[in-house]
Amino acid sequence: MVWNSHALRGKNTIFFLFLLTFLLSGCIFGGGPPPKKLVKAPASKQVYTVPQVGVTQLTLDPAQLLPGDQASLNAIEMIYTGLVQFNDNLQVEPQLAQSWQVSSDGLRYTFTLRPNLKFSDGTPLTSADVAYSIDRALQPATKSPVAPIYLGLIKDSDKLLGGYISTLINDSIQTPNSSTVVITLKEKAPYFLAMLAYPCSFVVEKSLIATYQSNFTNYLTQGGTTGPFKVSRYTPGQEIDFVPNPHYYGPKPQLQKVAFPFFQQPDSAYHAYLVGQVDTTGVPLSQFAAAKKRDDFHQVPQLWINYYTMNYLTKPFDNIAIRRAFALAIDKTAIASSAWKGTALATNHIVPQGMPGYNPNLTGPDGTQNLKGNAAEARALLQQGLKQERWSSIKQMPPIQLTYATGQAMTAQEVTMMIQEWQKVLGVTVTASAVDYNTLLSQVTTATGNASGLQFWGLSWVAEYPDPQDWLTRQFDRGVPNNNINYGQNTSTDAAQQQLLQQQLEKADSASDPSTRVRLYQQAEQQLINDVAWLPVTQETAVFLREPTVIGIVDNPLGFIPPNDWGKIYIGQYV
């Protein structure tokens, strides 16, 4: 069409330009409104709400924290700090201490405190407070469930726990001045700092405890803490709230409030998230498939391995070929997919993904990284084992019973799938025995040194501290409480080789050079996998949703937020 009317030309030109602008805008923005920009919200909206599930009462005394009490751990890490703690990469970094030195023999650690430290009530914090807190955690009267483990490397801690001495202060814990703490160990242990980062060594205020005794945690609104936040309100059974600690020595939090409301059921917390009442939530298994499709979905591997293991003193598992046959007969990827619905990762590893010292090149007992099993190799190994035992057929093998803990449907399904695969691939019948968790632990303990003890069982190990020593030496060395499978101390033909590996673990434990330690541990882990000391099956993951307006959180395999990270975490809003 050709426009030839001078009277209409001006109006139609304006209309044409408007139409062109509109069409171009539609091309650029897809026909919708322009995208919103995420900016920092005003101070009044700097509130982060984190539901705590299955909670009625928190333990706020760091010396009394029970393993597995995640809600209490979350609260304790908000309000307390210690000499050292972990960063996002699970490396030890200074906290109350600004630096430390280790003596040439590796036995004496000298910590220099940051200047002008204060508790949340403004009271000065000195080396005497650090010494008091560590000594208190180890006092028999405190009855700490964890201090004997994490602080047991300190010289004479056993004497204090046994009541033979009254204190470690001026003994293995010295304070030559108000800014220096010297801790002496009973043996060289480069992993001591990782153990010292556990909350039982966090610093508490002596005057608050002197006033309120064991009830001091009811009065934390008055002071007594050192972390980036302090308690502003605590209503047992309902909620605990935190506000910034004005005397915190590190980067000041941008959040003006962090709230931990308590929920009894995971589904309730999940619903609260969907309607905007909380800023993050775990994902119930029933919602996993749908949640995984969301943009706010997160899945982070945790330092948690589900494994099975065999008593080296019992038939037929004193034979390495038969152990390997059982390990290679199962399809771990199918188990992770079907039994765990994708919430866990199939693995061949003892030291889990995300751990310092994790070995990405580790292989299974067949020398490959295959996680689907190796049926042909498994059958050949079984026949090799039968021949070595002088058994003409599978029927001559003793009955095999696999014991596991009740209470988790996914574990029961995992056991069922493995039993089916052992029958299908090896032709071996395995009977399942489900017992309660405490009974399982008792039976596992009595298997130590016992050829008539438990034969085959499933358990999990969750990191106590992120160092390979926790996963290797503490599980498989001679005489350690967790070596219930009798690795190294048995009558099998490869017992001598196992004992050499135990010596290698001890060498790694005391090696000062970090790269040497990692190399020795990785070599040991590969041999342990070849020996089927553990049969790792899955690694747990943390599965959760979090509002994209929560900015600055770095997810890590321990699922915690380092104290100094709170300075860069804030709530955003779209404008």
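The structure presented is a predicted model; accordingly, all values stated were derived computationally and were not measured.
Formation of a donor-acceptor pair under 3.5 Å by the Tyr234 side chain with backbone atoms of Leu58 is found in this model. Between the Ser144 side chain and the Ala63 main chain, a donor and an acceptor come within less than 3.5 Å of each other. Lys37 places no side-chain N or O within 3.5 Å of a backbone atom of Val575 that could act as its donor or acceptor partner.
Pairing each heavy atom of Thr59 with each of Ser72, the nearest pair is N-OG, 2.8 Å.
Taking the six-membered ring where the residue is Trp, His298 and Phe544 present parallel rings, their angle staying beneath 30° rather than reaching 60°.
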Full working for ring-ring contact (aromatic ring centres under 6.0 Å, His included) between Phe317 and Phe326: CA-CA 10 Å; Phe317 297 127; Phe326 271 72; 5.3 Å; yes
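A donor-acceptor contact closer than 3.5 angstrom links the side chains of Gln254 and Lys40. One side chain, Gln469 or Tyr465, offers a donor N or O that lies under 3.5 Å from an acceptor on the other. If you check the side chains of Asn348 and Gln369, you find no donor sitting under 3.5 Å from an acceptor. At a cut-off of 3.5 Å, with distance as the only test, a side-chain donor of Tyr273 or Asp296 sits close to an acceptor on the other residue. For Asn564 and Tyr249, the side-chain atoms include no donor-acceptor pair closer than 3.5 Å. Remark: the Thr411 side chain and the Gln408 side chain contain an N/O donor-acceptor pair separated by less than 3.5 Å. A donor-acceptor pair shorter than 3.5 Å cannot be found between the side chains of Tyr307 and Gln475. Of the N and O atoms on the side chains of Ser460 and Asn306, at least one donor lies less than 3.5 Å from an acceptor on the other residue. Side chain to side chain, Gln423 and Thr429 meet the donor-acceptor criterion of an N or O pair below 3.5 Å.
A salt bridge is defined here as a Lys NZ or Arg NE, NH1 or NH2 lying under 4.0 Å from an Asp or Glu carboxylate O, and Arg474 with Glu464 meets this definition.
Distance OG1/Thr225 to CZ/Phe242: 9.5 Å, rounded to 0.5 Å.
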Quick one: side chains of residues 517-526, donor-acceptor pairs under 3.5 Å with protein atoms, not counting sequence neighbours, listed by atom name and distance.
from	atom 1	to	atom 2	distance (Å)
Arg517	NE	Ala508	O	3.1
Arg517	NH1	Asp467	OD2	3.1
Arg517	NH2	Asp467	OD1	3.0
Arg517	NH2	Tyr521	OH	3.0
Tyr521	OH	Asp509	N	3.4
Tyr521	OH	Asp509	OD1	2.5
Gln522	NE2	Gly357	O	3.2
Gln522	NE2	Tyr358	O	3.3
Gln523	OE1	Gln504	NE2	3.3
Glu525	OE2	Ile350	N	3.0
Glu525	OE2	Val351	N	2.9
Gln526	OE1	Thr363	N	3.0
Gln526	OE1	Thr363	OG1	3.4
Gln526	NE2	Thr363	O	3.1
Gln526	NE2	Thr363	OG1	3.3
Gln526	NE2	Asn530	OD1	3.1

